[in-house]
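First the structure, in the form of structure tokens, and then the observations on it.
Only heavy atoms go into these numbers, but all of them, side chains included; no hydrogens, no water, no symmetry mates. Naming convention: chains lettered A, B, ... in sequence-line order (proteins, then strands); numbering from 1 in each chain.
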Number of protein chains: 2
Amino acid sequence: MGRWPAGAQERLQEAAIELFTERGYERTRVAEIATRAGLTERTFYNHFADKREVLFPGQDRFIADIREAVVAAPAEQAPLDAILAAFTAGSDWFDQRREAAQRRRRILDAHGDLRERERAKTAALGEGIADALRTRGVCDPAATLTAAVAVAAHQLAAARWSADPRHGALKDHLRDSFEELHRTARTW
Amino acid sequence: MGRWPAGAQERLQEAAIELFTERGYERTRVAEIATRAGLTERTFYNHFADKREVLFPGQDRFIADIREAVVAAPAEQAPLDAILAAFTAGSDWFDQRREAAQRRRRILDAHGDLRERERAKTAALGEGIADALRTRGVCDPAATLTAAVAVAAHQLAAARWSADPRHGALKDHLRDSFEELHRTARTW
DNA sequence: ACCAGCGATTGCAGTCTCTGAAATCACCGT
DNA sequence: ACGGTGATTTCAGAGACTGCAATCGCTGGT
């Protein structure tokens with residue numbers, strides 16, 4: 001390790017969340033985030049591609065994990081079941097960060113630029129899953145369509161989990177959402 | 001009308017497409033687009049919210065049209081049928097612009113920023129349709145899920161239409177995609 | 001102990017996107 | 001003729017982001 005205090009990336013993320021909450025996303029300069037984290041603006045850009053990206057830590061890792069889990073699922077498992085299992089596998093991590101997720105969501109919802117980035121990430125997740133399904137031998141258009149509904153169900157589950165006053169586990173909301181997906185699909 | 005030549009917006013769009021094709025999106029300055037259109041940079045920003053938006057003319061109008069068409073569809077029509085009908089209604093407009101659509105697609109695919117904007121527009125379309133379905137009395141989660149698959153099917157149809165060497169009409173690709181959607185949904 | 005390599009951080013200069021405010025211009029109806 | 005109107009322009013500036021070179025001090029080899 002170097003001589004600098006470790007965890008620069010994490011410090012930048014925390015500083016960003018604080019400032020975005022205090023003053024809003026637009027009124028916060030990148031230089032301010034860096035200063036609060038004890039770093040410089042230039043260093044911020046060494047860690048994040050742009051100002052928005054600081055609010056999506058580990059998102060690419062998450063997408064890659066889901067993709068790999070879907071690819072590695074048992075061959076006899078139905079596509080939607082494999083995807084549900086993949087989502088469920090990592091759901092504890094989120095349960096331990098409910099409050100942070102809510103803070104983050106409030107910031108995201110308040111600004112169009114950030115929603116745009118989130119939508120892009122969501123779309124990337126869908127494409128990743130579609131890729132994984134193709135690797136499993138599911139061919140288009142089923143791969144694309146299945147990935148799309150799965151992501152929609154995941155979004156739904158995440159929204160309910162975040163708003164749930166009873167603090168139910170994410171995996172339970174996922175189970176419910178996928179269950180409702182099956183019911184809804186029967187009407188199509 | 002004013003003393004200025006009409007169609008400033010269209011001229012800016014054409015100039016942008018030309019320059020993006022010649023030099024690429026990143027290497028083209030907004031000021032250059034404006035100059036080629038016989039205008040100034042500031043005027044560009046009077047017409048478009050940002051540099052990307054020049055590649056999405058009328059997209060918001062399209063989304064609004066689809067939403068209204070879905071709301072206005074016969075009450076006895078199934079949600080997916082209403083959406084398919086809405087897409088089909090405006091499909092001629094696209095058929096008359098195949099080549100422009102392909103040029104545009106090549107630019108979009110070449111740059112991440114632009115794909116991000118496109119994904120945001122697609123997501124907005126989905127949310128608009130979900131809203132329309134709720135107006136029709138379809139309640140969540142069915143509204144959200146149905147809108148999501150419909151948009152996915154639309155994307156699929158558009159992609160095939162654009163790549164179709166036989167120049168088939170968009171409405172036919174839409175019909176096929178929604179047909180396949182029904183078949184796929186049965187396996188869920 | 002000395003030194004070269006290395007990774008993280010920094011300073012700086014510069015480009016480009018995007019915005020706000022005020023001015024200009026010619027057409028319009030009165 | 002005259003003010004209203006709407007599109008365009010000018011100007012000045014903030015702020016996001018990048019390229020490049022320099023710095024710092026830890027690490028391992030000698």
Residues within residues 45-57 of chain B bordering DNA chain C, heavy-atom distance below 4.0 Å: B/Tyr45, B/Ala49, B/Asp50, B/Lys51
Within residues 8-35 of chain A, residues whose heavy atoms come under 4.0 Å of DNA chain C: A/Ala8
Contacts under 3.5 angstrom, residues 62-74 of chain A side chains, donor-acceptor by atom type, not counting sequence neighbours:
from: A/Asp65; atom 1: OD1; to: A/Arg61; atom 2: NE; distance (Å): 3.1
from: A/Asp65; atom 1: OD1; to: A/Arg61; atom 2: NH2; distance (Å): 3.0
from: A/Arg67; atom 1: NH2; to: A/Asp131; atom 2: OD2; distance (Å): 3.1

Could you state the [atom1]-[atom2] distance from [X] to [N], rounded to the nearest angstrom?
X: A/Arg42; N: D/dC17; atom1: CZ; atom2: C1'; result: 8 Å
X: A/Phe44; N: D/dA16; atom1: CZ; atom2: C1'; result: 10 Å
X: B/Glu41; N: D/dA12; atom1: CD; atom2: P; result: 15 Å

Residues forming a side chain to side chain donor-acceptor pair (under 3.5 Å) with [X], sequence neighbours excluded:
X: B/Glu127; answer: A/Arg119
X: B/Lys121; answer: B/Glu53, B/Asp60
X: A/Thr40; answer: A/Thr43

Show which side-chain atoms of residues 80-91 of chain B pair as donor or acceptor with protein atoms under 3.5 Å away, not counting sequence neighbours.
from: B/Thr88; atom 1: OG1; to: B/Leu84; atom 2: O; distance (Å): 2.7
from: B/Ser91; atom 1: OG; to: B/Thr88; atom 2: O; distance (Å): 3.0

Options D/dT9, C/dT10, D/dC17, nucleotide nearest the side-chain atoms of B/Thr40: D/dT9
Check ion pair A/Arg29-A/Glu41 (N to O, under 4.0 angstrom): no
Under-4.0 Å salt bridge between A/Arg117 and A/Asp113: no
Within residues 106-120 of chain A: residues closer than 4.0 Å to DNA chain D (heavy atoms): none
Under 3.5 Å donor-acceptor pairs involving side-chain atoms of residues 180-188 of chain B, not counting sequence neighbours:
from: B/Glu180; atom 1: OE1; to: B/Arg160; atom 2: NH1; distance (Å): 2.7
from: B/Glu180; atom 1: OE1; to: B/Arg160; atom 2: NH2; distance (Å): 3.3
from: B/His182; atom 1: ND1; to: B/Phe178; atom 2: O; distance (Å): 2.9
from: B/Arg183; atom 1: NH1; to: B/Glu179; atom 2: OE2; distance (Å): 3.4
from: B/Thr184; atom 1: OG1; to: B/Glu180; atom 2: O; distance (Å): 2.8
from: B/Thr187; atom 1: OG1; to: B/Thr184; atom 2: O; distance (Å): 2.6
from: B/Trp188; atom 1: NE1; to: A/Thr146; atom 2: OG1; distance (Å): 3.2

Sugar-phosphate, base or nothing in reach of B/Thr43, heavy atoms under 4.0 Å: base
Check for a donor-acceptor pair, side chain of [X] on one end and backbone N or O of [Y] on the other, with a separation under 3.5 Å.
X: B/Thr28; Y: B/Gly24; value: yes
X: A/Asp140; Y: A/Thr144; value: yes
X: B/Arg98; Y: B/Phe94; value: no

For A/Glu18, salt bridge (charged side-chain N to carboxylate O under 4.0 Å, His left out) partners two or more places apart: A/Arg36
Terminal helix-axis angle for the helix from C/dA1-D/dT30 to C/dT30-D/dA1, with five pairs defining each axis and rounding to 10 degrees: 10°
Transitive ILVMFWY cluster of A/Val30, excluding itself - 4.5 Å side-chain cut-off: A/Leu12, A/Ile17, A/Leu19, A/Phe20, A/Tyr25, A/Ile33, A/Leu39, A/Phe44, A/Tyr45, A/Phe48, A/Val54, A/Leu55, A/Phe56, A/Ile107, A/Leu108, A/Leu114
